[in-house]
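To start, the structure itself, in structure tokens.
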There are 2 protein chains.
Amino acid sequence: MPSSNTISHEIAYALRDEILRQRYQSGDRFPSERDLAARFDASRGAVREALSQLEQLGLIRTQPGGARVQSLNAASLAILGPLLELDGHPDPLLVDQFLQTFGVLAALTAKSAVNAASPEQLIQLKKLVVDLKDQANDYEGMQPPWRELLEAMSAISDNLVVRLISNDLKAQFVGQMLKLGFRPDLKKGSRDRLVTTLRVSLNEQDGERASQAMQDHFEEFREAVGEAIRFKADKPSNRVVN
Amino acid sequence: MPSSNTISHEIAYALRDEILRQRYQSGDRFPSERDLAARFDASRGAVREALSQLEQLGLIRTQPGGARVQSLNAASLAILGPLLELDGHPDPLLVDQFLQTFGVLAALTAKSAVNAASPEQLIQLKKLVVDLKDQANDYEGMQPPWRELLEAMSAISDNLVVRLISNDLKAQFVGQMLKLGFRPDLKKGSRDRLVTTLRVSLNEQDGERASQAMQDHFEEFREAVGEAIRFKADKPSNRVVN
DNA sequence: AGGACCAAATTGGTCAGACCAAATATAGGG
DNA sequence: CCCTATATTTGGTCTGACCAATTTGGTCCT
């Protein structure tokens, strides 16, 4: 999987990969644009555009006189996806951390949404929860209503910060997860409990409870995903469905 | 405050500003590179580098045939800073959302850190909490030990996802807050309560409690900041300290 | 009139070669 | 050995050109 269609993106991809693989120490001089142009047999303009992307990612810092490599964890959130993709299969620890993080953000969203919802919005949310309960026989069928619910809550809570973070996270992870095509097995009681608790929280407009429900649900989801990944690790039959 | 030293950055700044101010509808055609080059009296290369940055920010999507403007909340986290800077003073709602978000992430970090800490690391954390208590007479003096504590917890919890998000958030917000130079008044009991609860959670290695302490503390901090901003709004004497 | 199809203009992607200013490396003098 | 002046490297920008993909506009057929 090289990367994109344009040369500059390909160069950026290759260089990003090298930096992510720690082939340069933080603070090291980065090869000069002219050298890179020669190495990739491309024009300096194309190289410059690639470097511009790396700079946006916070991986390098350019300056007249030379570019330097920056510390990895001073980088931007946008490197998470590439980082996952590095060795073809996602790092289980990283996936776990992602779900943990996404969980607290979803919980916060639920809390704000339930607390701030207007009567009509409460009705809307209740309806979505019912949808979730009805369609929730298999993992695939559960996804659309689940996503709808999250989306509705996100819209109601109207927290741009969380939304932007979630955008990035989803863009980075969800694609990877789908590409590997694994379906975590959620324990049966988990979803019922979520639905029930969400309903109560909506009826009483109790954001705190909704938050807790989300948190618990993501916790169980995390465990299920962890198992699924371990399973994958045993049987490395990663088929790309596309 | 124009922006940077290079022309391409200046162009990127100007265009980013226009998009953030909603001067284009999502899906609109973006001016062609040649037009932009003429408008900014720059070379097309410089314009291309600027557009490359906008693309990384998720603000536009380029394609042979023409670039198009993307939806604002499909953008990257990195637009938060510019968004805050738009009118010289930060949007109180956005600041509130930031603190709320940062709060839950800090709480998650505290939980993981306390739960995962080795005996030595527990001792280290306890020491930092003591520092926090000692040096905590004024807002300024409190900052270094506070930051140290957060940093230590972040290092122990070792959650790259949270770390990257926090990097971005801090890079975007902290600068702005300092630039405006306001000091929220934390209620006196708040810090003591935080210190006390953190100590207990460390002694019993109770991550859940540490998380709750963080959450509560950020909640109070949020209110204090909210007041400070309202105060600023009344007396708009925004002096840039630099 | 409406829709399918084809040619021309527009646009992004890339290349080559050149110049400048800032930063670095090098050599020379104290 | 340190400090300074010079030469070189390097990033930032410009000009002008070519290609391929997309858009656009018009034409033709139904």
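Order of the sequence lines fixes the chain letters, A, B, ..., with proteins taken first and strands second; residue numbering starts at 1 for each chain.
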Seminar exercise, completed: Here the distance between atom P of C:dG12 and atom CD of B:Gln63, to the nearest Å, is 11 Å
For this session: Write down the distance between CD1 (B:Ile7) and C1' (C:dA21), rounded to a whole number of angstrom.
Result: 12 Å
Exercise. Whole Å only: how far is the CZ atom of B:Arg68 from the C1' atom of D:dT22?
Worked result: 10 Å
Exercise. Please give, in whole Å, the distance from D:dG11 C1' to B:His9 NE2?
Worked result: 12 Å
For this session: Return the 5'-most residue of the pair A:Ala46, B:Leu51 with respect to DNA chain C, ranking by each residue's nearest nucleotide.
Result: B:Leu51
Exercise. Over how many whole Å does the gap from A:Arg61 atom CZ to D:dG12 atom P extend?
Worked result: 12 Å
For this session: Identify which nucleotide among D:dG11, C:dG13, D:dT24 has an atom closest to any side-chain atom of B:Arg29, counting heavy atoms from C-beta outward.
Result: D:dT24
Exercise. Looking at B:Ser8, does any N or O in its side chain come under 4.0 Å of the phosphate oxygens OP1/OP2 on D:dT13?
Worked result: yes
Exercise. So what does A:Gly66 touch, heavy atoms closer than 4.0 Å: a base, only the sugar-phosphate, or nothing?
Worked result: sugar-phosphate
Exercise. Does B:Arg39 come within less than 4.0 Å of B:Glu33, counting only side-chain N to carboxylate O?
Worked result: no
Problem set entry | Nearest-neighbour nucleotide for the A:Pro64 side chain, C:dT11, C:dC19, C:dA22 considered | C:dA22
Exercise. OP1 or OP2 of D:dT10 less than 4.0 angstrom from a side-chain nitrogen or oxygen of A:Thr62, does that happen here?
Worked result: no
Exercise. Between atom CZ in A:Phe30 and atom P in D:dT10, what is the gap in whole Å?
Worked result: 14 Å
Exercise. Should A:Glu49 and B:Arg48 count as an ion pair when the cut-off is N to O under 4.0 Å?
Worked result: yes
Exercise. Between B:Asp96 and B:Arg222, does at least one N-O distance fall below 4.0 Å, as a salt bridge requires?
Worked result: yes
Exercise. So does A:Arg44 reach the base of C:dT14 with its side chain, donor to acceptor, closer than 3.5 Å?
Worked result: no
Problem set entry | Of the listed nucleotides C:dG12, C:dC15, D:dC14, the one nearest the side chain of A:Ser43 | C:dC15
Problem set entry | Nearest-angstrom distance from the residue atom CD1 of B:Ile60 to P of C:dT11 | 15 Å
Seminar exercise, completed: The residue, A:Val47 or A:Gly65, whose nearest nucleotide of DNA chain C is more 5′ is A:Val47
For this session: Could you please name the option among D:dG12, C:dT11, C:dC15 that lies closest to any side-chain atom of B:Ser32?
Result: C:dT11
For this session: Using a strict 4.0 Å threshold on nitrogen-to-oxygen distance, state whether A:Glu151 and A:Arg163 make a salt bridge.
Result: yes
Problem set entry | Proximal nucleotide (of D:dT13, C:dG12, D:dT10) relative to the B:Arg48 side chain | C:dG12
Exercise. To the nearest Å, how far apart are B:Asn5 CG and C:dA22 C1'?
Worked result: 11 Å
For this session: Fit a plane to each ring of A:Phe221 and A:Phe218, take the angle between them on a 0 to 90° scale, and name the class: parallel (under 30°), tilted (30 to 60°) or perpendicular (over 60°).
Result: perpendicular
